[in-house]
Amino acid sequence: MKPKPAAPQWAILVLGAGLMISLIANVYLLQQRNAPLPHLRGTYCTDASTGLGTYLMFDGESRFCRYTQTEGVLDDGICRDLGEGRYALRSEGGRTFCVLQSRDGVEFFDGEELDVSFFPKLKEFGDAYMLFDIPGEYPDWLKAPA
């Protein structure tokens, strides 16, 4: 019959298993931290559950549109990639904004209104952008080809 391990031997086994789990978790977190950010293309919204939020849409070809379903298009313009998830936005009206991308969405910095808003990405449609009912005129790049 094999002798039972003593208490110090059990402690060494538990400690070893804990260290292995910690090593695996640290390698996973390091990979997540160094993984590239997802493509910016898509639709983001401050409050998609009620439909009353502000929407921010990127077409993936250097264009953006910010709108609400009640007021229509607030800003439409170009988006310039600054690298490392940072973007500079310039509207057709001359306003400038900054965007900082994360895995879950974007932080939108409005210098004129001294406001920072988080726009979570609407995930159910993947990378495609979607346009909800907007009152008023649509930007030309969003109109369906004739």
Side-chain angles (χ1 to χ4, degrees), residues 1-134 138-139 141-144:
M1 184 173 229
K2 209 174 192 183
K4 287 174 118 179
Q9 290 174 325
W10 277 110
I12 291 173
L13 289 174
V14 169
L15 182 61
L19 288 173
M20 287 302 289
I21 291 170
S22 174
L23 176 66
I24 292 168
N26 282 318
V27 168
Y28 173 76
L29 291 174
L30 183 64
Q31 285 178 334
Q32 290 295 332
R33 180 178 175 205
N34 294 331
L37 290 170
H39 198 280
L40 185 65
R41 177 185 168 98
T43 303
Y44 302 79
C45 183
T46 56
D47 186 9
S49 62
T50 63
L52 299 176
T54 302
Y55 292 83
L56 185 59
M57 187 168 38
F58 297 95
D59 73 346
E61 298 179 16
S62 301
R63 299 286 309 184
F64 83 96
C65 180
R66 186 171 66 112
Y67 67 92
T68 67
Q69 292 184 21
T70 56
E71 299 175 49
V73 175
L74 303 173
D75 299 290
D76 168 42
I78 58 169
C79 172
R80 190 171 60 132
D81 187 355
L82 302 175
E84 298 179 2
R86 297 174 299 135
Y87 297 87
L89 310 179
R90 178 176 289 282
S91 72
E92 297 291 331
R95 288 187 68 190
T96 58
F97 309 99
C98 295
V99 167
L100 181 62
Q101 183 183 17
S102 67
R103 303 225 181 277
D104 300 324
V106 295
E107 295 284 344
F108 182 81
F109 300 88
D110 184 349
E112 285 185 20
E113 296 181 13
L114 300 176
D115 186 36
V116 177
S117 303
F118 180 68
F119 286 75
K121 188 166 190 175
L122 300 179
K123 296 184 187 311
E124 58 268 7
F125 294 100
D127 288 335
Y129 62 89
M130 50 190 172
L131 184 65
F132 294 99
D133 189 27
I134 302 175
Y138 285 69
W141 62 276
L142 288 175
K143 293 180 181 173

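We count residues from 1, following the sequence as given. These numbers come from the heavy atoms of this one structure, side chains and all, not from hydrogens, waters or symmetry mates.
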[Y] and [X], any side-chain heavy atoms less than 4.5 Å apart:
{"X": "D115", "Y": "F109", "answer": "no"}
{"X": "I12", "Y": "W10", "answer": "no"}
{"X": "E113", "Y": "R95", "answer": "yes"}
{"X": "F58", "Y": "V99", "answer": "yes"}
{"X": "T68", "Y": "L74", "answer": "yes"}
{"X": "D104", "Y": "K121", "answer": "no"}

Working to the nearest 0.5 angstrom, can you tell me the gap between [X] [atom1] and [Y] [atom2]?
{"X": "L40", "Y": "C79", "atom1": "CG", "atom2": "SG", "result": "5.5 Å"}
{"X": "F119", "Y": "L56", "atom1": "CZ", "atom2": "CG", "result": "5.0 Å"}
{"X": "C45", "Y": "L52", "atom1": "SG", "atom2": "CG", "result": "9.0 Å"}
{"X": "L19", "Y": "L23", "atom1": "CG", "atom2": "CG", "result": "8.5 Å"}
{"X": "D81", "Y": "R86", "atom1": "CG", "atom2": "CZ", "result": "9.0 Å"}

Using modelled atom types and a 3.5 Å cut-off, is there a donor and acceptor pairing between side-chain atoms of [X] and backbone atoms of [Y]?
{"X": "S102", "Y": "V106", "value": "no"}
{"X": "T46", "Y": "T54", "value": "yes"}
{"X": "Q101", "Y": "P38", "value": "yes"}

- Taking every heavy atom of P120 against every heavy atom of F118, the minimum-distance pair comes out as CD-O, 3.5 Å
- Hey, are R63 and D76 close enough for a salt bridge, meaning a charged N less than 4.0 Å from a carboxylate O? yes
- Query: Step by step, would you call Y55 with Y44 a ring pair (Phe, Tyr, Trp, His ring centres under 6.0 Å)?
  - Reply: CA-CA 6 Å; Y55 292 83; Y44 302 79; over 10 Å; no
- Item | Flag if over 12 foreign heavy atoms under 6.0 Å of CZ, R80 | no
- Message: Below 30° counts as parallel, above 60° as perpendicular, anything between as tilted: where do the rings of F64 and F97 land?
- Response: perpendicular
